[in-house]
Amino acid sequence: MSSPPSWLTSLTCSPSPLQSPPSPAQFLLHWSTFIFLSPCSQRILFSFIDLIFLLLLLLLLLLFSLHKFPSKLTTSNNANSTIPLLQEEDLHHHHHHHRKVTFFYHFTFFLISLLAISYTVLSILTLAHTTQTSSSWKLIETLFLVSQAITNIVVMLVMVKEKKVKDTKHFLPLRIYWFINFVLVSIFVASAIYRLATIGDEANFEINLRIDDIFSIVNLPIAVFLSIMAVKGSSGIHVAPSSQNLLRERMNLSPYTFASLFSKTVWFWMNPLLHKGYYNSPLELDDVPSLPPEFRAEKMSELFETNWPKPEENSKYTVGITLLRCFWKHLACTGILAVIRLAVTFVGPLLIEEFVAYTTRKQSPTSQGLVLILILLLAKSIEVLSAHQFNFHSQKLGMLIRSSLITSLYKKGLKLSNSSRQAHGVGQIVNYMAVDTQQISDMVLQLHSVWLMPLQIISVLVLIYCFLGLSTLAALFGTIALFAYVLLSTRKISAFQYSIMANRDLRMKALSDMLRNMRVIKFQAWEEQFGSKIRRFRELEYDWIGKLMYSSGNSIGILWISPTMIAILTFGAAILLGFALDAGVVFTVTSVIKILQEPVRSFPQALISVSQAMISLGRMDEFMRSRELDERSVERDGKCDDNVIAVEIKEGSFSWDDEGGRESLEVSEMEIKRGDFAAVIGTVGSGKSSLLASVLGEMHKISGKVRVSGTAAYVAQTSWIQNVTIQENILFGLPMKSEKYKEVIRVCCLEKDFGMLEYGDQTEIGERGINLSGGQKQRIQLARAVYQDSDIYLLDDIFSAVDSQTGSFIFKECVMGALRYKTIILVTHQIDFLHNANLILVMRDGKIVQSGNYNKLVESGLDFGSLVAAHETSLELLDSSDDYGQSSKQEESIGKINPQEEPKSSHSSNSFNKVASNIIEDEEKETGRVNFEVYKQYCTEAYGWWGGAVIVFMSLLWIVSIMLGDYWLAFETSKDGVFNPILFIGVYFAIGVVSCVMVMMRSYVVTHWGLKTAQSFFCGMLEGILHAPMSFFDTTPSGRVLSRMSTDQLFIDILIPMLMGLVLVTYFSVLSIFFITCQNAWEMIFLLIPLIWLNNWYRKYYVASSRELSRLDSITKAPVIDQFSETISGVMTIRGFRKQSIFCEENIKRVNANLRMEFHNNGSYEWLGFRLDLLGVIFLCFATMFMIFLPSPIIRPEYVGLSLSYGLTLSAVMSFSITLTCQVENKMVSVERIKQFTNIPSEAPWTIPNGLPPHNWPTHGHVKLHNLQVRYRPNTPLVLKGISLSIHGGEKVGIVGRTGSGKSTLIQVLFRLVEPSGGKIAIDGIDICTLGLHDLRSRFGIIPQDPLLFQGTSLERCQLKDVVAAKNEKLDASVVDGGENWSVGQRQLLCLGRIMLKRSQIVFMDEATASVDSQTDTVNQEIMREDFSTTTVLSIAHRIPTVMDSDKVLVMDEGLAKEFDKPARLLERPSLFGALVHEYARRSS
């Protein structure tokens, strides 16, 4: 075999002579191989091609300038006369099209930038490197490198121009150049491989040529990619979407749905969204695509239900087993990825010894070093890819688990029995959804660490044994001791976590109660009491959080320092056993031990996460096993034929408790025929509402039979209104039928109300109907039921909240009109409506004691007789009104309610064109970067800048101490020095102790600082909420407050301080790696600058979208909580209408809206991490190449080992630092959101030191209003339009008027829940606007429309002594959420007892006895006369007899005080009040 030509390795620029006269073919072959394979001629050829390309570009540029310049001097513009540098026609053609720059353009530009930087660096190195070779070679090599650098820089400029003019095709000369470049690089690579394989590492082999050969091999994939782009022609700039993209946009599906396997592997599918977030305006809700169909909540819900254990399985851990059955394949997939990541993790440390040995040996072959670098590149690349795929799929699995749990919890909430619902409470169920599901979701990422930990430890110990033999036993002993500590600590932490969750439940339940009843709390000036209750629960929670954080801090500190301690034990044992320690062994072992650090560090966190998840699973098991309503308790027949009993109960016995509870209702027999109108009456607490609940199946049926034939509609006594428009409330899931809709709002007397509302029926109703009066809410409820066109109507006291005229109209036009052919069961205290009933059921003590028609029951007397007698007694006060003979004119003055005369423009079909009025304001969302002020406020909240400075200084000292330990290892293991084992271990141990002390101190300081900051934010937010005006709660759904108090506060309590501490440590770690690497390979400084620039650019590119996605994630969580809270409150209504499926669909819709933010946020996170890690791997490989191929006197083998032991962690630490920074910014959104609630505009001060009223104020109770004007918000119409009147102390004033006339607003302004817009209110001569709110409100007594219960009432005087005495707990009888285990009438009577104990001089009663019977009302009126004889009483009432005993009556209409006088005087003349009395008397007769 002939030897290779000498010029293949020669640096001369002339070929070797031929041995004999050649033939023409031999001569041509000889010169061709020389030109294309000789290093010198190759470089001349490549430089010549570069020069031609640059000259061509220059020529085209000159031509373009020459043609363009005259066009500026002439008025004529001929497009055909120009020769553009780039395709200018594309610019005109696509001028109006949207430009889309794809990944291929960015990647191509990145590769060209990399080549330009690399050739620039090589040019500098070539000039700086001294050599003995010929000057001609050095000149040619320098010219080649410079020409390549310039050419690639020019190509970058060309690509920038392409982007500017929106060129869809690359410039043709550029494509030709790239193709020729690929051919030449391939020739370079062939020559390089030949030289590396045959020449080896000869001393006379030029170092620059060796570098070029290695670089050519690395450059080949880039050249291949560029040649493909040249053939393809596309620049990666799109100006018009393809048909597939159009379809995708219409469907708005995530690009993940259509992505290829490669795209999913490297997250290319995230590019469109990240591009939109970076180059366009901040991302909005509509910008984020929907979830892929296979990940949607409806699929997960179906999967969860399918895998739910059957009853016969008798499973104890139902939720956990179901999740395992649903997602075991996903778990197995992530487990495989975790094993792959674990396997390749050990490759890097094992290569350290090889690299150290390579640099130690003389004449090491270059090919061996190249192979080592390629192995390192491949292993680290696989590690990066598998790690990020593991993270993404784990997070995706956690998201799917959370989705299935939330939908299942919601469906369970719709099925809960009454007692189960009361046992859990809304606040606790919100925690299940917001916190527990999140903890189970987060656990997925940590789960594999539990079983991988033993595998990792065994692998590490085996590797240590291979190097240090029995010294491994010392490492094993240290590891066992460490794990013993970890297990004990984790057990303690788990107990702390359980206590935290229990106290958080109590805090959230108290907060939920406060938010639900805030209006009543402000009436009573009880904010401080409720705030103290929440603070007590928070203090308990805070104490447990402190114990958790300090314990975790100690554990984390010990775990951080554990590799150093285990290394000390291992090396000490090795020295005792006589093992020789060199740089290769020492740094290989330390790197392997650092691998041990990951499982040891993550294992306790994994155990904590798993223990938290197990607690959450246990809580969910308890909830999901809670007793459900028995659907079989009521026999339902969907059809209601003629001559069939519509509602039937036989031998029925019912209880509100599930098992073993006291019997609440007993019905021996009840039959209601189809089309009958049945009325249910009785005293307060007699079981009327319970009877309706038994028909609906809401009570636990102990025995008997209940049968319902036909569909049912239910109107609850306590109004339940959704936070949607009025129209949506009425339609309740049915399609709009205009004529039917108009008739419904007419018979429910809503036309005038729609006329008063600016946006009619398109007005959005606030949470729990907060912006509507009680009567309006009740009539909207009724309209909802009527529109359903059901067979059976269950109406629970629908007339209690409406005035007599409205009630009469509704009874006539709705009950006896629109529903005349329906089966109706009406619970009422209105005796005057009973004449029309086919059947009257009289109840007492949970039993039907009488039944029959009106005349029959009147003859029988008994309970019905006493109720009628009480009613007739109240009517005696009205008898005199008949003598006044109200004229027809008088009646017209009040105006009988005739909807035909009301303006039509305000409602229904005409209101479709109106813009909806949003009483609920859109949640405030910051855009762009998190403001520096947010960081500043967080960092300085506890101890100012000094606190942050101390933490930074201690973190720096800690990292420096770790570096000192590693430098000591490198110094002592060098072959030049004399090895002293005692000194080696002693100093290393001392440094380890210092590091341990530093990390423990730092952990304590960070924990203390984080806790103080979290508590400060919590207190500020709570104070902001307590001091917020009532308008804030009217326009802010409670879910927004609850989400901030739960999820956001949880982040500030635990996550943010931990992340802030880690960010500091990781950034200092990155700096230490750069310092050590560049110290031993100074050439890496040239690569460090582009690396830092790229990392920073990627971070900014990612954060622009991720930050907005985190904000949108927080915003879309609140509606899920709001809907759940709303659903639990109205579950009886939802089940009564059989609308569960519609509400489940809405829940799924809201869950999907939230999960799409989480899914794309997770995708963007891994998109960033993968790219940063890959950059770190490239940097490491270049650094390693410089260290082994460019030896210098400074680089010794031990420092190569030190640099590599640090460099191996670079990709992980650098990407970790960037992603941690991004996480901090994302989580700082929680600080931003809480800060919004600390800065809520406050209502007036609670107390004014210089404006305190006398201690016995008000002494007389004189009330004087002068031109009082009120509007709810600026720029809205006046609600009260200039009221002037004077009330003397001790007077009893009845306030009457149509629903919505301003009666309750008058009460609110007297309490200053709404501040007057004009005029003056004086009480006993003091302007109430000069007083503190608590000084004002605490001096009044009130029974509000929505009564709130507390224990400790005056029972006998408020008619509840017997009721409470019958309960086993007596005065300790429990009150659940909102007092739902007491009837509305009982709640009102308990509130009456409350004001009797308070003994205020001024008492307000807002429909105080609307839900009690006439008999009880009469007794209460008598008690009021006796116990409040000297008290000023303002009483709003729709029952005319209730106000007839008043000293004066105030008649309000449309925000005006139309009449104010004694009842008798008003009846003596034509008056609005007289018309009301006449209407009530006529109805009663």
Side-chain angles (χ1 to χ4, degrees), residues 345 348-349 352 380 383-384 387 553 556-565 567 587 590-602 605 948 951-970 991-992 994-1003 1005-1006 1057-1081 1084-1085 1087-1088 1091-1092 1095-1096 1098-1099 1168-1169 1172-1173 1175-1177 1179-1180 1183 1199 1201-1224:
T345 301
I352 290 179
K380 293 298 289 182
E383 180 185 346
V384 165
I556 291 171
I558 289 173
L559 292 172
W560 270 99
I561 207 65
S562 59
T564 303
M565 294 303 170
F587 286 108
T590 53
S591 294
V592 169
I593 290 175
K594 283 180 182 178
I595 292 177
L596 180 65
Q597 188 179 32
E598 185 202 344
V600 173
R601 189 188 304 155
S602 63
Q605 181 59 41
I951 292 171
V952 170
F953 180 69
M954 296 186 74
S955 300
L956 181 61
L957 285 181
W958 174 29
I959 296 299
V960 169
S961 67
I962 292 175
M963 289 175 64
L964 286 175
D966 291 327
Y967 269 112
W968 176 251
L969 287 178
I991 295 173
V994 170
S995 297
C996 185
V997 171
M998 291 306 304
V999 72
M1000 296 296 288
M1001 289 177 62
R1002 176 194 166 278
S1003 175
V1005 171
V1006 169
M1058 188 184 299
L1059 287 174
M1060 294 284 272
L1062 283 173
V1063 163
L1064 283 173
V1065 172
T1066 51
Y1067 268 114
F1068 284 138
S1069 298
V1070 168
L1071 291 175
S1072 69
I1073 293 170
F1074 285 155
F1075 176 80
I1076 289 174
T1077 305
C1078 293
Q1079 177 189 2
N1080 297 300
M1084 290 307 297
I1085 294 174
L1087 278 182
L1088 195 58
L1091 178 68
I1092 293 173
N1095 272 269
N1096 186 53
Y1098 270 124
R1099 187 193 72 81
L1168 174 73
L1172 296 185
D1173 278 359
L1175 286 174
V1177 169
F1179 179 86
L1180 171 65
Y1199 289 112
L1202 174 64
S1203 298
L1204 284 177
S1205 69
Y1206 271 72
L1208 284 174
T1209 62
L1210 175 65
S1211 62
V1213 174
M1214 194 166 186
S1215 79
F1216 189 48
S1217 65
I1218 298 294
T1219 51
L1220 272 177
T1221 307
C1222 299
Q1223 277 194 44
V1224 167

>> Show the nearest heavy-atom pair for residues Leu1168 and Arg1099, with the distance to one decimal.
In response: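 Nearest heavy atoms, Leu1168 then Arg1099: CD1-N, 4.1 Å.
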> Do you know which two heavy atoms are closest between Ser955 and Arg1002, and how far apart they sit?
Replying inline: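 Shortest heavy-atom contact: OG-NE, 2.8 Å.
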According to side-chain contact (heavy atoms from CB on, under 4.5 Å), who are the partners of [X], at least two apart in sequence or on a separate chain?
| X | answer |
| --- | --- |
| Leu957 | Phe953, Met998 |
| Leu956 | Val960, Phe1068 |
| Ala387 | Arg341 |

> Does CE belonging to Met1001 count more than 12 external heavy atoms closer than 6.0 Å?
Replying inline: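 No - once you tally the heavy atoms of other residues, nucleotides and ligands closer than 6.0 Å, there are 12 at most.
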> Excluding sequence neighbours, so at least two apart, what forms side chain to side chain donor-acceptor pair (under 3.5 Å) with Ser1003?
Replying inline: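 With neighbours one apart ignored, the set is empty.
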